[in-house]
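Because the structure is a prediction, the values reported are computed rather than measured. For the numbers below, each heavy atom of this structure counts, side chains included, while hydrogens, waters and symmetry mates do not.
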Amino acid sequence: MSSNPVAETVASLMPRAQVELAELVAFKSVADFDQYPRSESEGAANWIAGALRAEGFQDVALLDTPDGTQSVYGFLPGPEGAKTVLLYAHYDVQPPLDEAAWTTPPFELTERAGRWYGRGAADCKGGFIMHLLALRALKANGGVPVGVKVIVEGSEEQGTGGLERYAEQHPELLTADTVVIGDVGNFRLGLPTVTSTLRGMTLVRVQIDTLEGNLHSGQFGGAAPDALGALIRVLDSLRAEDGSTTIDGLTGDARWEGLQYEEEAFRKDAKVLDGVELVGSGTVADRIWARPAVTVLGIDCPPVVGATPSVQAGARALVSLRVPPGVDAVEATKLLQAHLEARTPWGARVRTEQIGQGQPFRADTSSPAYTAMAEAMAVAYPGEEMQSAGQGGSIPLCNTLASLYPHAEILLIGLSEPQAQIHAVNESVSPDELERLSVTEALFLQKYAAS
């Protein structure tokens with residue numbers, strides 16, 4: 001990285017950043033309180049509130065959002081007449097999945113082979129540390145040239161919409177000239193990237209019932225309708241032979257124009273086993289950034305160990321649908337529910353329930369803020385030009401902010417490059433990426449203030 005005072009300050013702050021990220025990762029802040037205690041999330045929220053107060057933020061508050069979680073807010077005033085920038089991250093995390101499969105404990109930040117491992121290290125507790133580093137570097141080099149609002153969400157991973165609903169009820173709270181969402185990642189490690197599109201998402205639970213109770217498969221199997229068999233047929237109908245998503249009435253042939261994702265690079269990033277084919281058609285970028293994608297997240301049915309020879313009376317599944325830009329998530333949810341209900345065989349009773357939803361997002365990459373970000377990235381990543389890519393994941397708040405504040409510019413950066421393995425076992429963050437993106441954000445705020 002080219003030498004400049006901001007970069008030198010951030011470099012000097014990295015040991016402190018590692019300690020702070022370790023403290024934050026230690027909170028088991030999964031916003032599913034059936035799995036993890038609410039006190040873990042509350043502890044993380046209070047830690048963040050304390051960090052903001054220590055940096056001189058005013059009006060620091062724990063916001064009780066309608067989904068029963070807390071988001072953390074703070075405001076750092078800027079010079080008279082300065083622009084206001086909203087910095088976003090979230091402190092809730094995905095469950096660690098199989099803790100035994102982690103090389104090191106998921107809630108203990110562990111340095112290994114040049115990376116820091118732990119659940120939330122990249123997604124997105126590291127994003128909050130990135131914001132802190134950028135602001136500290138500015139304070140040490142002439143001051144923060146803009147007003148800064150920080151919002152750290154407590155339930156982003158659950159898709160329950162708490163912060164979106166709170167923002168709609170208090171639209172004055174998050175007003176800003178520009179929003180920096182610190183919850184995505186570079187296309188690859190070391191390649192500076194802004195995310196210009198996000199897929200939306202919907203979660204639907206489907207329940208199928210066929211009998212008053214389970215039956216002996218020898219005595220009744222062959223004529224008695226099997227609820228699990230019906231569910232399997234329904235779920236199979238959501239994909240074509242090549243694995244493409246096929247939901248009645250939902251188009252799936254859009255094309256991605258721009259930065260492409262080479263198939264071999266994708267196979268390596270996704271750790272696809274040798275000989276196993278990718279699913280879908282079109283380019284990889286088409287499939288993961290521009291088209292709908294359905295995933296069966298879970299099925300309630302008897303486990304193999306302990307299973308009895310029974311015809312199942314009921315079965316249910318949780319289905320996720322990623323919704324591409326240009327498609328309304330509400331309409332996509334209706335189509336998914338109608339498909340599941342229409343494709344249920346044998347007259348079985350079927351119920352569907354939508355339990356989470358977020359709209360897709362498309363940014364305006366021609367704005368002055370993008371110019372400032374490109375200039376900042378060129379300094380923090382010498383020899384590289386800023387790239388614009390899509391993102392298959394969802395950040396429902398983006399569309400809420402775009403709707404509430406149509407004149408605000410929204411940029412998406414972050415630490416979740418492919419090697420981070422967010423949502424998977426052994427999630428990690430690159431400290432080099434944390435350092436460079438913290439420098440990027442600090443320089444961006446300087447350049448944007450002067451634009």
The side-chain hydrogen bond (donor to acceptor under 3.5 Å, both in side chains) partner of Thr160 among Asp32, Asp67, Thr69 is Asp67
CD on Gln18 to CG on Leu13, rounded to 0.5 Å: 13.5 Å
Would you find a donor on one side and an acceptor on the other, under 3.5 Å apart, between the side chain of Glu263 and the backbone of Tyr261? no
Please report the C-alpha distance between Val429 and Ile129 in whole Å, then the side-chain angles of each, then the deciding distance to 0.1 Å, and finally whether the side chain to side chain contact (heavy atoms under 4.5 Å, CB included) criterion is met. CA-CA 12 Å; Val429 69; Ile129 300 299; over 6 Å; no
Between Gln354 and Thr202, is there a side-chain donor-acceptor contact under 3.5 Å, judged purely by atom types and distance? no
Contact summary for Ser388 and Leu259, nearest pair of heavy atoms: O-CB, 3.7 Å
Atom CZ of Arg119 and atom OG of Ser29: how far apart are they, to the nearest 0.5 Å? 11.0 Å
Could you walk me through whether Trp256 and Thr197 satisfy the side chain to side chain contact (heavy atoms under 4.5 Å, CB included) test, starting with their C-alpha distance in whole Å, then the side-chain angles of each, then the deciding distance to 0.1 Å, before giving a yes or no? CA-CA 10 Å; Trp256 174 262; Thr197 67; 3.4 Å; yes
For Glu427 against Asp123, the heavy-atom pair lying closest together: OE2-N, 2.9 Å
Hey, which of Leu203, Leu321, Val330, Val323 is the one that makes side-chain contact (heavy atoms from CB on, under 4.5 Å) with Gln357? Val330
Whether over 12 other heavy atoms sit under 6.0 Å from Arg112 CZ: yes
Give a yes or no answer on whether the side chain of Arg38 reaches the backbone of Gly68 with a donor-acceptor pair at less than 3.5 Å. yes
Approximate separation, where rounding is to 0.5 Å, of Leu415 CG and Ser438 OG: 7.5 Å
All heavy atoms of Ser244 vs all of Gly280, minimum pair found to be OG-CA, 3.4 Å
All heavy atoms of Ile48 vs all of Leu24, minimum pair found to be CG1-CD1, 4.1 Å
Other residues, nucleotides, ligands: >12 heavy atoms within 6.0 Å of Glu262 CD: no
Crowding at CD, Gln35 (>12 non-hydrogen neighbours, <6.0 Å): yes
Using 0.5 Å steps for rounding, measure from the OH atom of Tyr88 to the NE2 atom of His131. 9.5 Å
Write out all pairs satisfying ring-ring contact (aromatic ring centres under 6.0 Å, His included) with one or both partners inside residues 420-450, taking only residues at least two apart or from two chains. Phe444-Tyr448
Is there a side-chain contact between Gln446 and Val6, using heavy atoms and a 4.5 Å cut-off? yes
Examine distances only and state if a side-chain atom of Arg287 and a backbone atom of Val279 form a donor-acceptor pair shorter than 3.5 Å. yes
Of all heavy-atom pairs linking Ser71 and Thr65, the shortest is OG-CG2, 3.9 Å
With sequence neighbours excluded, tell me which residues meet ring-ring contact (aromatic ring centres under 6.0 Å, His included) with Phe107. none
Check against side chain to side chain contact (heavy atoms under 4.5 Å, CB included), Thr84 and Thr175: CA-CA 8 Å; Thr84 299; Thr175 53; over 6 Å; no
Indicate yes or no: at least one non-hydrogen side-chain atom of Val25 is less than 4.5 angstrom from one of Glu108. no
Any Tyr166 side-chain heavy atom under 4.5 Å of Tyr73 side chain: no
Are the side chains of Asp364 and Glu409 in touch, meaning some heavy atoms are under 4.5 Å apart? no
Flag side-chain contact, heavy atom, 4.5 Å: Tyr381 against Asn186: yes
Using side-chain heavy atoms (C-beta onward) and a distance below 4.5 Å, is Phe128 in contact with Val150? yes
Would you find a donor on one side and an acceptor on the other, under 3.5 Å apart, between the side chain of Lys83 and the backbone of Asp177? no
Glu164 vs Ser403, side chain to side chain contact (heavy atoms under 4.5 Å, CB included): CA-CA, chis, key distance, verdict: CA-CA 11 Å; Glu164 293 100 274; Ser403 176; over 6 Å; no
Pairwise side-chain contact, Phe266 with Ile288, heavy-atom cut-off 4.5 Å (strictly under): yes
Interatomic distance, SG@Cys398 vs CG@Asp183, rounded to 0.5 Å, equals 8.5 Å
Is a side-chain N or O of Thr246 found less than 3.5 angstrom from the main chain of Ser237, in a donor-acceptor match? yes
Quick check: does any side chain N or O of Thr440 sit under 3.5 Å from a backbone N or O of Ala380, one acting as donor and the other as acceptor? no
Quick one: does Arg199's side chain have a donor or acceptor within less than 3.5 Å of a partner on Arg291's backbone? yes
When every non-hydrogen atom of Glu99 is compared with those of Pro106, the smallest separation belongs to OE1-CG, 3.8 Å
Taking Asp92 for its side chain and Glu156 for its backbone only, find out whether a donor-acceptor pair lies under 3.5 Å. yes
Spatial distance of atom CD (Gln391) from atom OG (Ser196) [nearest 0.5 Å]: 10.5 Å
Quick one, Val85 and Val180 - any side-chain contact, counting heavy atoms below 4.5 Å? yes
Has Gln421 got a side-chain atom pairing as donor or acceptor with Val425's backbone, closer than 3.5 angstrom? yes
Validation: residues 55-63 side-chain donor-acceptor distances under 3.5 Å, sequence neighbours left out:
{"residue": "Glu55", "atom": "OE1", "partner": "Lys139", "partner atom": "NZ", "Å": "2.9"}
{"residue": "Glu55", "atom": "OE2", "partner": "Arg136", "partner atom": "NE", "Å": "2.8"}
{"residue": "Glu55", "atom": "OE2", "partner": "Arg136", "partner atom": "NH2", "Å": "3.3"}

Would Arg165 and Glu168 count as a salt bridge (Lys or Arg N to Asp or Glu O under 4.0 Å) if you check the C-alpha gap in whole Å, the side-chain angles of each, and the deciding distance to 0.1 Å? CA-CA 5 Å; Arg165 303 294 83 75; Glu168 290 164 353; 2.9 Å; yes
Would Arg351 and Asp209 pass as an ion pair if we require N to O under 4.0 Å? yes
Expected output: side-chain Lys125 to main-chain Phe27 donor-acceptor under 3.5 Å: yes
